[in-house]
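Below is one structure; the comments refer to it alone.
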Amino acid sequence: MTEGTTSAAAEGDTLTRLEQEGEIAADYLEGLLDIADLDGDIDMDVEADRAAVSIISDSGGRDLQKLVGRDGEVLEALQELTRLAVHRETGDRSRLMLDIGGFRAKKREELSELGAKAAAEVKSSGEPVRMDPMTPFERKVVHDAVKAAGLRSESEGEEPQRFVVVLPV
């Protein structure tokens, strides 16, 4: 086997593993929706080297809001439970991302804007900007936005009060 063939095979194995994670997660979430008597369709994908599963609804998603909770708290808990279900089946730790009713997609957009604004403020003032505490998902999105703006950032503090500091060049 050549080096290119080996890396292509490894990439194919990773994709297959992530697709399997998505299938296991989808089955778990279908069961949850049935138990809760909620309507929703499951959409699976692979994004940024992780399985991504979304629960979407044609009926506006009012029922799905119950699964998101205040500020996504229930969504975070469901994501962890789903990751545990995948771990139980595969024996491997999962980095699966769960979205419900487009909550994370909308949140990602808002956080990207927030990170870009903080970066612009740092560029104009030359002073670091400390942001409010965020979840790991939220911090990751802000770090990515700051990096895209050409600056760097760090996370400081202890959970659940961990926050992002945007630093000048």
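Values reported hereafter were calculated over all heavy atoms of this structure, with side chains retained and with hydrogens, waters and symmetry mates removed.
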*Would you indicate whether the side-chain heavy atoms of E23 and M44 approach each other to under 4.5 Å?*
yes
*Are more than 12 heavy atoms from other residues, nucleotides or ligands located less than 6.0 Å from atom NZ of K106?*
no
*Around D37, counting heavy atoms of other residues, nucleotides and ligands shown, do more than 12 lie under 6.0 Å from its CG?*
no
*Please report the closest heavy-atom contact between S57 and L64, naming both atoms and the distance.*
CB-CD1, 3.4 Å
*asked:* Can you tell me how far apart CG (L84) and CD (Q79) are? Round to the nearest 0.5 Å.
replied: 11.0 Å
*Heavy atoms, side chains only, cut-off 4.5 Å: are E138 and V142 in contact?*
no
*Measure across M131 and A118 and return the closest heavy-atom pair with its distance rounded to 0.1 Å.*
CE-CB, 4.1 Å
_Interatomic spacing from CD in E121 to CG in L151 - rounded to 0.5 Å_ = 11.5 Å
*Measure the shortest side-chain to side-chain distance between R83 and M97 over non-hydrogen atoms and say whether it is less than 4.5 angstrom.*
yes
_Flag side-chain contact, heavy atom, 4.5 Å: Q20 against T16_ = no
*Are more than 12 heavy atoms from other residues, nucleotides or ligands located less than 6.0 Å from atom CG of D45?*
yes
*Using 4.0 Å as the upper bound for N to carboxylate O, is an ion pair formed by R17 and D13?*
no
*About how many Å separate OH of Y28 and CG of L96, when rounded to the nearest 0.5 Å?*
11.5 Å
*Keeping the roles fixed (side chain from T90, backbone from D92), state whether a donor-acceptor pair exists under 3.5 Å.*
yes
_Please give me the minimum heavy-atom distance between R95 and D49, naming the atom from each residue._
NH1-O, 3.4 Å
*To the nearest 0.5 Å, what is the distance between NE2 (H143) and CD (E154)?*
8.5 Å
*Measure the shortest side-chain to side-chain distance between V53 and T82 over non-hydrogen atoms and say whether it is less than 4.5 angstrom.*
no
*Is V46 reachable from L98 through a run of hydrophobic residues whose side-chain heavy atoms are each under 4.5 Å from the next?*
no
*Is L38 reachable from L78 through a run of I, L, V, M, F, W or Y residues, each pair having side-chain heavy atoms under 4.5 Å apart?*
yes
_L29 side, atom CG; D34 side, atom CG - distance, nearest 0.5 Å_ = 11.0 Å
*Where do K66 and V74 come nearest, in terms of heavy atoms and distance?*
O-CG1, 3.8 Å
_Residues S94 and H87: side-chain donor-acceptor under 3.5 angstrom_ = no
_Quick check on E110: does its CD atom have over 12 non-hydrogen neighbours (other residues, nucleotides or ligands) under 6.0 Å away?_
yes
*Which pair of heavy atoms, one from A105 and one from D99, lies closest together, and at what distance?*
N-OD2, 3.3 Å
_Working note: I42 + I55, criterion side-chain contact (heavy atoms from CB on, under 4.5 Å); need CA distance, chi angles, decisive distance, verdict._
CA-CA 5 Å; I42 308 290; I55 301 175; 3.7 Å; yes
*Check whether any side-chain heavy atom of V141 lies under 4.5 Å from a side-chain heavy atom of M134, and answer yes or no.*
no
*Check the hydrophobic clustering (I, L, V, M, F, W, Y; side-chain heavy atoms under 4.5 Å; chains of links allowed) and say if V86 and L18 are grouped together.*
no
*Verdict with reasoning, K117 to E113, per salt bridge (charged side-chain N to carboxylate O under 4.0 Å, His left out)*: CA-CA 6 Å; K117 284 180 185 175; E113 289 176 22; 5.0 Å; no
_Heavy-atom pair of closest approach, residues V122 and E127_ = CG2-O, 3.4 Å
*asked:* Hydrophobic cluster membership, with links at side-chain heavy-atom distances under 4.5 Å among I/L/V/M/F/W/Y: are F137 and F103 in one?
replied: no
*asked:* Hydrophobic clusters here meaning ILVMFWY residues chained together by side-chain heavy-atom distances under 4.5 Å, can you tell me if L81 and I100 are in one?
replied: yes
What side-chain donor-acceptor pairs closer than 3.5 Å can you find for residues 156-169, not counting sequence neighbours?
from: E159; atom 1: OE2; to: R139; atom 2: NH1; distance (Å): 3.1
from: E159; atom 1: OE2; to: R139; atom 2: NH2; distance (Å): 2.8
from: R162; atom 1: NH1; to: G157; atom 2: O; distance (Å): 2.7

*Distance from E30 atom CD to D41 atom CG, nearest 0.5 Å?*
8.0 Å
